[in-house]
Amino acid sequence: MLVPAAAVALAGIGLWLAWGRLAALGRSEAAADAQIREALANQVRASLEDVYGFRGGGTLDLHPVRYADVAPLLEGERAVVTAMLEAEGRAVWREQVAAVSYLGRERFHMRPCSIALWCAEGDQFARLRSVLAFLFRRHDALAAAARPAARRVLAWQIRAERETAEVGEDLETAPPTGAPTRERSRLSLRLEGGRWVAAGR
């Protein structure tokens, strides 16, 4: 039977060990947080393939890429990261080329890796990719219906937050005769059943 002094001592040792484990965990989380932020700060370029989906092609080259409001959450061997992504680049699909600027909140996953210490798993542009795929398909459908006038997208300005997105669209239309005309339009999107649709539909 333990005497009271021994019991107190053992309880103290237990508390000290528990505190040590918590402190080590806190240090590892702080280190991971710093490493994730540094890895994202160094990721200034990105290239996306098959943006159209279903092997339909379409590429997006981004530079510069910037991450703000980075909030990592460790979940075992990986981290779930929420961040505001700001990027500029060029989209190419079929015979179209358009400038793209993007500001949106993305949620993605990262894992420890040997080179950058933490590497994204490839889903850090999921929201941008899905919005752009919608715009590709929408443009192709409208362009097919607009012939013989040629309709070309010059640029998209995309802002996405949660389940909505606002898109500025710069177009050039070339009629069979006469000079091409340019126009700017605005499109509101919303997520519906996991896919983007034009608001108001």
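The chain is numbered in sequence order, starting from 1.
- For the pair D50 and G57, the tightest heavy-atom approach, listed with the atom from each and the gap, is OD1-N, 3.0 Å.
- Counting only distance, with no hydrogens or angles, the side chain of R182 and the backbone of T173 share no donor-acceptor pair below 3.5 Å.
- Of all non-hydrogen atoms in A179 and P175, the two that sit nearest each other are O-CD, 3.7 Å.
- Residues F125 and L62 meet the side-chain proximity criterion, which asks for heavy atoms closer than 4.5 Å.
- Each of V51 and L154 belongs to its own hydrophobic cluster when Ile, Leu, Val, Met, Phe, Trp and Tyr are linked at side-chain heavy-atom distances under 4.5 angstrom.
- Side-chain atoms of L189 and V131, non-hydrogen and from C-beta on, do get closer than 4.5 Å to each other.
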### Query
How far apart are the C-alpha atoms of Q124 and L40, what are their side-chain angles, what is the distance that settles it, and do they pass the side chain to side chain contact (heavy atoms under 4.5 Å, CB included) test?
CA-CA 10 Å; Q124 70 267 43; L40 292 176; over 6 Å; no
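- Both tests hold for R94 against Y52: distance to the six-membered ring centre under 6.0 Å, angle to the ring axis within 45°.
- At most 12 non-hydrogen atoms from other residues, nucleotides or ligands lie less than 6.0 angstrom from CZ of R159.
- With respect to the salt-bridge test (charged N to carboxylate O, under 4.0 angstrom), the residues E163 and R190 do not qualify.
- Minimum interatomic distance between M110 and A39 (heavy atoms only, all atoms of both residues): CE-CB, 4.3 Å.
- Residues L132 and W156 meet the side-chain proximity criterion, which asks for heavy atoms closer than 4.5 Å.
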### Message
Walk me through whether L60 and R90 qualify under side chain to side chain contact (heavy atoms under 4.5 Å, CB included).
### Response
CA-CA 6 Å; L60 177 63; R90 187 182 74 151; 5.9 Å; no
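- Side-chain atoms of L85 and V65, non-hydrogen and from C-beta on, do get closer than 4.5 Å to each other.
- In this structure, CD in Q157 is found 12.0 Å from CD in E166, a value given to the nearest 0.5 Å.
- Between the NE2 atom of H63 and the CZ atom of R66 there is a distance of 9.0 Å, given to the nearest 0.5 Å.
- A distance of 6.0 Å separates CZ in R127 from OH in Y102, rounded to the nearest 0.5 Å.
- Atom CZ of R107 has 12 or fewer neighbouring heavy atoms from other residues, nucleotides or ligands inside a 6.0 Å radius.
- The hydrophobic cluster containing I36 does not contain M84, counting ILVMFWY residues as joined when their side-chain heavy atoms lie under 4.5 angstrom apart, directly or transitively.
- With D33 contributing its side chain and P72 its backbone, the two residues share no donor-acceptor pair below 3.5 Å.
- Counting only heavy atoms from C-beta outward, the side chains of V167 and L135 approach each other to under 4.5 Å.
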### Task
Apply side chain to side chain donor-acceptor pair (under 3.5 Å) to the pair R151 and H139, showing each step before the final yes or no.
CA-CA 8 Å; R151 184 178 185 274; H139 170 75; 2.9 Å; yes
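- A donor-acceptor pair under 3.5 Å is formed between the side chain of N42 and the backbone N or O of E38.
- R37 places a side-chain N or O within donor-acceptor distance of the main-chain N or O of V70, the cut-off being under 3.5 Å.
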### Message
With side chain to side chain donor-acceptor pair (under 3.5 Å) as the criterion, how do S130 and W196 come out once you've worked through the C-alpha distance, each side chain's angles and the decisive distance to 0.1 Å?
### Response
CA-CA 8 Å; S130 64; W196 293 101; 2.8 Å; yes
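- Here the side chains of R129 and L48 are in contact, with some heavy-atom distance below 4.5 Å.
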#### Entry: Working for ring-ring contact (aromatic ring centres under 6.0 Å, His included), residues F136 and W93
CA-CA 8 Å; F136 283 178; W93 79 104; 4.4 Å; yes
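- Two residues are said to be in side-chain contact when any heavy atoms from C-beta on lie closer than 4.5 Å; I158 and L128 meet this criterion.
- Shown here for A126 and E106, the closest heavy-atom pair between the two residues is N-OE1, 3.4 Å.
- Annotation: side chain of E121 is in contact with side chain of R111 (closest heavy-atom distance under 4.5 Å).
- Residue-environment remark: CZ (R78) exceeds the threshold of 12 foreign heavy atoms within 6.0 Å.
- L103 and L191 are members of different hydrophobic clusters when ILVMFWY side chains are connected at heavy-atom separations under 4.5 Å.
- In terms of hydrophobic clustering, with Ile, Leu, Val, Met, Phe, Trp and Tyr side chains grouped at heavy-atom distances under 4.5 Å, V100 and F134 are assigned to a common cluster.
- The distance from the CD atom of Q35 to the OG atom of S28 is 10.0 Å, given to the nearest 0.5 Å.
- Between the side chains of Y67 and Q43, at least one donor-acceptor pair of N or O atoms lies under 3.5 Å.
- Tested against R152 for a salt bridge (Lys or Arg N to Asp or Glu O under 4.0 Å), the candidates E183, E172, E169 yield a single pass: E172.
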